[in-house]
Amino acid sequence: MTKTTVVPIKLESSHRTTLQEQIYSSIRCSILEGLIGADHRLPSTRALAAELGVSRTTVMGALEHLQAEGYLVTRRGSGTYIAKQLPDRAAPLPLQHARGGRHPLLSERGRALAEARAPDRRRPVSPRAFRLGTPALDLFPLRLWSRIARQCIRSATAKHLDYSALSGLMPLRVAIAEQLRSRGTKCEPSQVTVVAGSQRGLDLVFHLLLDPGDSAWVEEPGYPGARCALLAAGAHALPMSVDADGMRLSEEPDADNVRLAYVTPSHQFPLGVTMSLERRRELLQWARRSRTWIVEDDYDCEFRYQTQPRPCLHALDPDGRVIYVGSFSKNLFPALRLGFLIVPHDLATGFATARRASDMHPPVLEQLVLAEFISRGHYQRHLRRMQAAYSERLDALQTAIQRSGVPLKLRPVHSGLHAVADVEDGIDAERVAQEAEARDLEVVPLSHYYYGTRAPENALLLGFGAIRPAAIRLGVSHLAQALDAARRN
Ligand SMILES: Cc1ncc(COP(=O)(O)O)c(C=O)c1O
C-alpha cells in the first residue's frame with residue numbers, strides 16, 4: 001500500500017507572498033529537490049489544512065495549481081499523488097508578481113488565471129506544418145474582404161460611431177440565424193448574441209450560468225479555453241473521460257453542485273470523435289434529470305470528410321437547456337474575433353444586459369463587414385471552396401504518412417482541421433514534439449490537453465488546415481527525422 005508522505009512546509013505570515021503561494025512553492029521545491037518522490041501520496045487537504053492551521057480552500061488552491069502544472073495527479077477514491085512523470089517543460093512560473101514592485105498582489109483567481117499553463121498555439125509567425133487550430137489563411141479572399149470593408153467604412157455615418165446594440169447588429173444576427181439551419185437546428189434572430197469570438201462567449205455563459213464554487217463537467221482530454229473560462233467564473237472543472245462515442249456519462253463524479261456540462265459533440269476537441277446520437281440523448285436526459293445546462297461548442301463543424309453531419313445537440317433539445325456556441329475563427333479567420341451564442345428566448349435580454357459588465361458589444365465595423373460578406377453569398381462560397389481544399393490537405397497528410405512508413409498511426413478523420421496520430425514503437429510523443437520543434441515543425445502532444453486525472457494517450461495532434469499539400473509532404477519527411485531522433489534518445 002502507498003504510504004502517505006510527509007511534506008516539509010514552513011509558513012510565515014510576514015512573508016510577502018500569500019499562504020497559498022507558500023504552500024505551492026514548498027511542495028513544488030520539495031518535489032524538484034527530490035525530498036518527496038514520484039508516486040508518493042500527499043496527506044488529505046483536510047489533514048494538511050489542520051496541520052498548517054490554514055483553511056482547506058487555501059490548501060486546495062495550492063494543490064489545484066500544482067495539479068494543473070502536472071506535478072500532482074489525483075486518483076479517484078485514493079488521493080493526490082506526486083506525478084510519476086514531472087513536467088520537465090514547465091518553466092518556473094512567476095508567482096511573486098510583486099517582487100520589486102510596490103503594488104499589491106493579484107487576487108487568487110487572477111493569479112490562477114495568469115499562471116494557468118496552456119499549450120501555446122497562438123504564434124505570430126506564419127503557419128508551419130502542422131499548426132493546430134488555424135484554417136487555410138492562404139486561401140482566404142482577403143482582397144474581397146478588404147473591398148467590402150472599404151465600402152462599409154465609406155457608407156458609415158455618425159450613428160455607426162456610437163454605442164451599438166448589445167446583442168450585436170440585427171442584419172448579422174438574421175444572417176447567423178439563417179446559417180444555423182445548416183446545423184439542423186433553428187432559432188430566431190432575437191436569440192442570437194454576437195460575441196468577440198467563442199472564447200468571449202464561453203466567458204459570458206459561464207459567468208451567467210454559474211456561481212463561484214459551482215462545478216461543470218468538461219471533457220478530458222479537452223479544450224483549455226473552456227477550462228480557463230470556468231476558472232475565471234470561479235467554477236471547478238470536473239474532467240470526464242471521452243471514448244469513441246464522445247464524453248462518457250457512466251462515471252458521474254461525486255459532486256452535488258454540478259450545474260453545467262461543456263461539450264464539443266460535433267468534433268470533440270482534441271480527439272476529433274463525434275458524439276453518438278445515443279450519447280447525445282443520454283446527456284440531454286441527464287441534464288433534464290439534474291436540472292443542469294449543456295454548453296455545446298460547435299467550433300469547427302462545417303468541414304466533413306465522407307460522413308454526414310449529425311444534428312447538433314441544440315436541435316435535439318426540447319427544453320432550452322442547450323446554449324449553442326459558434327465561432328467564425330475556423331470558417332473565416334481567427335483574427336476576426338467574432339462568434340455567437342444561441343440562448344433561450346427568455347434569457348436573451350438578460351444576456352444582452354449583462355454585457356454591460358464587460359465588452360458591451362463587439363466592434364461594429366467587423367460586424368458590418370461580416371454581415372455583408374454573408375448576405376452577398378460569399379460565406380457559403382468560401383465554405384464550399386474550403387471543404388475541397390481541406391479534403392485535399394487531409395489526403396496529402398494521410399498519403400504522406402502512409403508512404404513514409406513512419407511509426408505513426410492516423411486515427412480516422414471525419415471532420416475538422418486536425419488529425420490525431422498515435423505514436424508507435426514505444427517512442428514518447430512529448431519527445432517527438434520537442435524534436436519536431438527543433439526542426440521548425442509545430443506538433444502538439446495530445447498529453448497537453450489532459451487535466452492530470454487520467455493517463456494521457458501517447459499521440460500527436462497534426463493540424464492540416466493551414467498547410468499546403470507540398471508543405472505537408474515536406475513536413476512529414478521532417479517529422480520522420482524527429483521520430484528517429486526521439487527513438488534514439
Ligand atoms: C474547442 C474550441 N472551441 C472554440 C474555439 C475557437 O475559439 P474562438 O472563437 O474564441 O477563436 C477553438 C479554437 O481553437 C476550439 O478549439
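Counting starts at 1 for both ligands and their atoms, following the listed order. Please read these numbers as outputs of a predicted model, since none were measured by experiment. Just so it is clear, the values below take in all heavy atoms, side chains as well, and ignore hydrogens, waters and symmetry mates. The residues of the chain are indexed from 1 along the displayed sequence.
Between Tyr262 and ligand 1, no N or O atom pair is found at a separation short of 3.5 Å. Among the atoms of Tyr299, none of the N or O lies under 3.5 angstrom from an N or O of ligand 1.
Taking a 6.0 Å sphere around CZ of Arg181, one finds it holds 12 or fewer heavy atoms contributed by other residues, nucleotides or ligands. Crowding of Glu424 atom CD: a count of heavy atoms from other residues, nucleotides or ligands under 6.0 Å exceeding 12. The environment of CZ in Arg288 is sparse: at most 12 heavy-atom neighbours from other residues, nucleotides or ligands sit within 6.0 Å. Within a 6.0 Å sphere centred on CZ of Arg468, other residues, nucleotides and ligands contribute 12 heavy atoms or fewer. Arg356 CZ: 12 or fewer foreign heavy atoms inside a 6.0 Å radius.
Judged by the shortest distance from any of its heavy atoms, Ser329 lies inside the 4.0 Å radius around the atoms of ligand 1. Heavy atoms of Arg200 stay at 4.0 angstrom or farther from ligand 1.
If you number the atoms of ligand 1 from 1 as listed, the ones under 4.0 Å from a heavy atom of Arg337 come out as 8 (P), 10 (O), 11 (O). The Ser327 neighbourhood of ligand 1 comprises atoms 6 (C), 8 (P), 9 (O), with distances under 4.0 Å to a heavy atom of that residue. Each of the following atoms of ligand 1 lies closer than 4.0 Å to a heavy atom of Gly197: 9 (O), 10 (O). For ligand 1, the atoms lying closer than 4.0 Å to a non-hydrogen atom of Lys330 are 13 (C), 14 (O).
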side-chain contact (heavy atoms from CB on, under 4.5 Å), that's the test. Do Trp145 and His378 meet it? Break it down for me. CA-CA 9 Å; Trp145 184 268; His378 300 307; over 6 Å; no

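For atom 4 (C) of ligand 1, the nearest non-hydrogen atom from the set Ser198, Ala229, Ala196, Pro135 belongs to Ser198.
For Phe303 and His267, the ring centers are positioned 6.0 Å apart or more.
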